[in-house]
Participant: 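Got a structure for you, written out below as structure tokens; questions coming shortly.
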Amino acid sequence: MQIKRIAVYAAFAASIAALSGGVLASGGASGPAVAFKAQGNIGEVMVNPYKIAPLTAVVRNGGYVVKNATVTVLPKMGGQTIRYSVSDENVRTHAGIPVFGLYPDYLNTVEVEYDRVFNGKTEHFKDRYQFYTAPVFLRSNGTTGQTHTTFNAKVEKMDKAFNDRLYFVNNLIPTPPDASRFVWNNPMGGALEWAYGPENAIIDSTGTVRWYLLPDSNMYDPEQPYKSGILMGFQQTTDGGLMFGYGQRYAKYDMLGREIFNRRLPSNYSDYSHALDAAQNGHVFLRVASADLRRPDGKRVHTVRDVIAEVDADGRAVDEFRLFEILDPYRDNVIKALDQGAVCLNIDASQAGKTLSAEELAAMDKEDKFGDIPGVGPGRNWAHVNSVDYDPTDDSIIISSRHQSAIIKIGRDKKVKWILASPEGWKGDFAKKVLTPVDKDGNKIKCEGSVCEGGFDWTWTQHTAWRIDSKSTKDVIYVSAFDNGDARGMEQPALPEMKYTRGVVYKIDQKKMTVEQIYEVGKKEGHDYYSPVTGLTKYMDDKDSFFIYYSTAGLAGAPSGDKTGAPIKPHPYIAEYKFGETDPSVLIRLQDTMGYQAWPFNVQLAFDPAKAAK
């Protein structure tokens, strides 16, 4: 019996050793040795090293100096290989070789190639590692609107020229019940309650998730007002980092989840959302609001989405653009024409097709209605600025104001340089700044009110008005925009299915004060791709392509006359076009998810910025 018991104990010990990769010392320090098993010629593998990026890992250096590393994540059958080099700086920062792009719920195979330096000798190795990563896990919001974790992606079209693409997707989990329970007081107003849950991932060209963000409570907590908000405006910076903001914070992390900084907004501001720009001058332009504005009538309010704060590397607010002073916060032409059922992410199907009257807008001031509501005047959502882009050639910014249906350039002197918008409603000096539409030969295009001939159109409730740096000069610039299309022509159409969304590029001659529409996509797809809120367009230099995220396709509801009462769930489309073409080379449909933005992600930039810049 004793011999049998010993044999059982020995078998148990052997099984534990097999599972753990080796027997670890216990009861004290390891001494001058590390007991973790190494599969290759350096150190052990640490999965999710910073706790918020579960599909990443670090192959530790094992006490050696490691240089000239490259990583290859081998694909599943029919999948996409991810391969990138790693700068020595990144190897030093992470104490090993960073691994990105692992498959969830899968025994991954990763090859790493590197030089190992020890005792004055340099040796070159190519190792193969295998390790498991867990399934994707994201929060539930407790509603029928959420049917799966991350994205049920269907690739409908993938041109081979784009099959190396990775796409960063910044989506939202609508209204989790532990969020949106705070409002500002002393003073009132603002948009503190605007707090959807995060759903941020990177998918490959097969639609498979290869990275996702799992915020911990140190980073994000919807029950804490200064850690709540919507994670928005993600931007890959020139050093490979990932910058974004949410609520009362803005932050920068690397792709393994290492915090570079995570800061409160400067106290003068509140309610970051939508957009930031890590600018060429080393500063960050943040779309925020005033935390305490004394209006001309003496009332004090938090404002709503109408301030751009410029902060330096240390978080000091070096300048600000107070748009309620620079622009006319009482221009109401667009506000009166908006579909009140879809005002950005404030979705209310019961208000679909309804608009506001001048009388209703005027009554708001008398009744002290302030906060995240469509309206005019500081303290209401009169501007809804959703993008900001710095132009280094003249030290100015370009903003997109959804509720003015206007793209506007503003100088460092806080003066408006030009306005790309319908001329309706602009008064005095503002009217002189509205650009004149011209055709390809420079001839003026005839316009009546908000409608122009020759296929030219303004943008309506647009997003992401960005300067295309590679095509622009100091005097002539190219601007792309996501033209959502609500209130097109300053009115609601006879039938909702007449609405459509475009990606559009304009050529602006800043000396002549003219604008030419040179390219558009999406119009012929019509209502199927119509995205009433959110969205993104971006010109991509690397493939001379035009990327579009039709972020809320399907949100607008069933066609008129449909009485089935079936639930309406958005199904965003990722689309990428060869520049100049109108049929997409890439088309990926994401099922039953609320989209905000998406864009092509550069893995080489993330881990070896110097090589990516070549």
Participant: Applying side-chain hydrogen bond (donor to acceptor under 3.5 Å, both in side chains), can you list everything that pairs with Asp391, at least two apart in sequence or on another chain?
Facilitator: Thr393, Lys409, Arg467

Participant: What residues form a ring pair (Phe, Tyr, Trp, His ring centres under 6.0 Å) with Trp599, not counting sequence neighbours?
Facilitator: Phe168

Participant: Using the test ring pair (Phe, Tyr, Trp, His ring centres under 6.0 Å), find all partners of Trp418 that sit at least two apart in sequence or belong to another chain.
Facilitator: none

Participant: The criterion is side-chain hydrogen bond (donor to acceptor under 3.5 Å, both in side chains); which residues satisfy it with Asp297, sequence neighbours excluded?
Facilitator: Arg295

Participant: To the nearest 0.5 Å, tell me how far Gln404 CD sits from Ile419 CD1.
Facilitator: 9.0 Å

Participant: Sequence neighbours left out, what passes ring pair (Phe, Tyr, Trp, His ring centres under 6.0 Å) with Tyr330? Give chain and number order.
Facilitator: none

Participant: For Val307, does its backbone N or O pair with a side-chain atom of Arg322 as donor and acceptor, under 3.5 Å?
Facilitator: no

Participant: Could you verify whether a donor N or O on one side chain and an acceptor N or O on the other, from Gln492 and Asp486, lie under 3.5 Å apart?
Facilitator: yes

Participant: Show every donor-acceptor pair shorter than 3.5 Å between a side-chain atom in residues 442-457 and any protein atom, with sequence neighbours excluded, or say none if there are none.
Facilitator:
unit_1	atom_1	unit_2	atom_2	d
Ser450	OG	Ser422	OG	2.6
Ser450	OG	Glu424	OE2	2.4
Asp457	OD1	Trp460	NE1	3.1
Asp457	OD2	Arg488	NH1	2.8

Participant: Is it true that atom CG of Asp429 has more than 12 heavy atoms of other residues, nucleotides or ligands lying nearer than 6.0 Å?
Facilitator: no

Participant: Using atom types as modelled and distance alone, determine if a side-chain donor or acceptor of His302 lies under 3.5 Å from a backbone N or O of Pro187.
Facilitator: yes

Participant: Drop me the distance from His463's NE2 to Leu536's CG, to the nearest 0.5 angstrom.
Facilitator: 10.0 Å

Participant: Give a yes or no on whether the backbone of Thr461 and the side-chain of Ser405 come within a donor-acceptor separation of less than 3.5 Å.
Facilitator: yes

Participant: Using a distance-only test with no angle check, is there a side-chain donor-acceptor pair under 3.5 angstrom linking Arg402 and Gln462?
Facilitator: no

Participant: If you measure only the distance, is there a donor-acceptor pair under 3.5 Å linking the side chains of Tyr573 and Asp528?
Facilitator: no

Participant: Just by modelled atom types, is the Glu193 backbone N or O under 3.5 Å from a matching donor or acceptor in the Ser180 side chain?
Facilitator: yes

Participant: Please determine, by modelled atom types, if Arg412 and Ser396 share a side-chain donor-acceptor pair under 3.5 angstrom.
Facilitator: no

Participant: Run the side-chain contact (heavy atoms from CB on, under 4.5 Å) test on Leu587 and Ile574 for me, step by step, so that the C-alpha distance in whole Å, both residues' side-chain angles and the decisive distance to 0.1 Å come before the verdict.
Facilitator: CA-CA 6 Å; Leu587 190 63; Ile574 287 172; over 6 Å; no

Participant: Please name all residues satisfying ring pair (Phe, Tyr, Trp, His ring centres under 6.0 Å) with Tyr220, sequence neighbours left out, ordered by chain then number.
Facilitator: none

Participant: Hey, is the main chain of Asp271 close enough, under 3.5 Å, to the side chain of Gln248 for a donor-acceptor pair?
Facilitator: yes

Participant: Let me confirm one number: the CD-CD distance from Glu360 to Glu367, rounded to the nearest 0.5 Å.
Facilitator: 10.0 Å

Participant: I need the Ile408 CD1 to Ile399 CD1 distance, nearest 0.5 Å.
Facilitator: 4.5 Å

Participant: Who pairs with Lys578 by side-chain contact (heavy atoms from CB on, under 4.5 Å), at least two apart in sequence or on another chain?
Facilitator: Asp159, Phe162, Glu581, Ser585

Participant: Using a 6.0 Å cut-off, check whether atom NZ of Lys507 has over 12 heavy atoms from anything other than its own residue.
Facilitator: no

Participant: Taking everything shown except Lys432 itself, do over 12 heavy atoms lie less than 6.0 Å from its NZ?
Facilitator: no

Participant: Can a donor-acceptor pair be found, under 3.5 Å and without considering hydrogens, that links the side chain of Asp277 to the backbone of Phe285?
Facilitator: no

Participant: For Lys414, I'd like to know if atom NZ has over 12 heavy atoms of other residues, nucleotides or ligands within 6.0 Å.
Facilitator: yes

Participant: Against the six-membered ring of Tyr539, is Lys471 placed for a cation-pi contact (under 6.0 Å from the centre, within 45° of the normal)?
Facilitator: yes

Participant: Under the side-chain hydrogen bond (donor to acceptor under 3.5 Å, both in side chains) rule, collect the residues that match up with Tyr530, sequence neighbours excluded.
Facilitator: none

Participant: With distance as the sole test, does Arg331 use its side chain to make a donor-acceptor pair with the main-chain N or O of Trp382 at under 3.5 Å?
Facilitator: no

Participant: Specify the closest pair of heavy atoms between Leu192 and Pro225, including all atoms of both residues, with the distance to one decimal.
Facilitator: CD1-O, 4.0 Å

Participant: Partners of Val505 by side-chain contact (heavy atoms from CB on, under 4.5 Å), sequence neighbours excluded?
Facilitator: Ile468, Tyr478, Ser480, Ile518, Tyr519, Phe546, Phe579

Participant: Are any side-chain N or O atoms of Asn484 and backbone N or O atoms of Thr534, one a donor and one an acceptor, separated by less than 3.5 Å?
Facilitator: yes

Participant: Mind checking side-chain contact (heavy atoms from CB on, under 4.5 Å) for Asp509 and listing every partner two or more places apart, or none if nothing turns up?
Facilitator: Val476, Lys511, Lys512, Thr514

Participant: Is a side-chain donor-acceptor pair under 3.5 Å present for Trp426 with Asn333?
Facilitator: no

Participant: Got a donor-acceptor contact below 3.5 angstrom from the Tyr596 side chain to the His274 backbone?
Facilitator: yes

Participant: Who pairs with Tyr167 by side-chain hydrogen bond (donor to acceptor under 3.5 Å, both in side chains), at least two apart in sequence or on another chain?
Facilitator: Glu576

Participant: Within the side chain of Ser290, is there an N or O that forms a donor-acceptor pair under 3.5 Å with the backbone of Thr303?
Facilitator: no

Participant: Using distance alone, with no hydrogens and no angle criterion, decide if Gln591 and Lys569 have a side-chain donor and acceptor under 3.5 Å apart.
Facilitator: no

Participant: How many angstroms lie between atom NE2 of His571 and atom CE of Met594, to the nearest 0.5 angstrom?
Facilitator: 13.0 Å

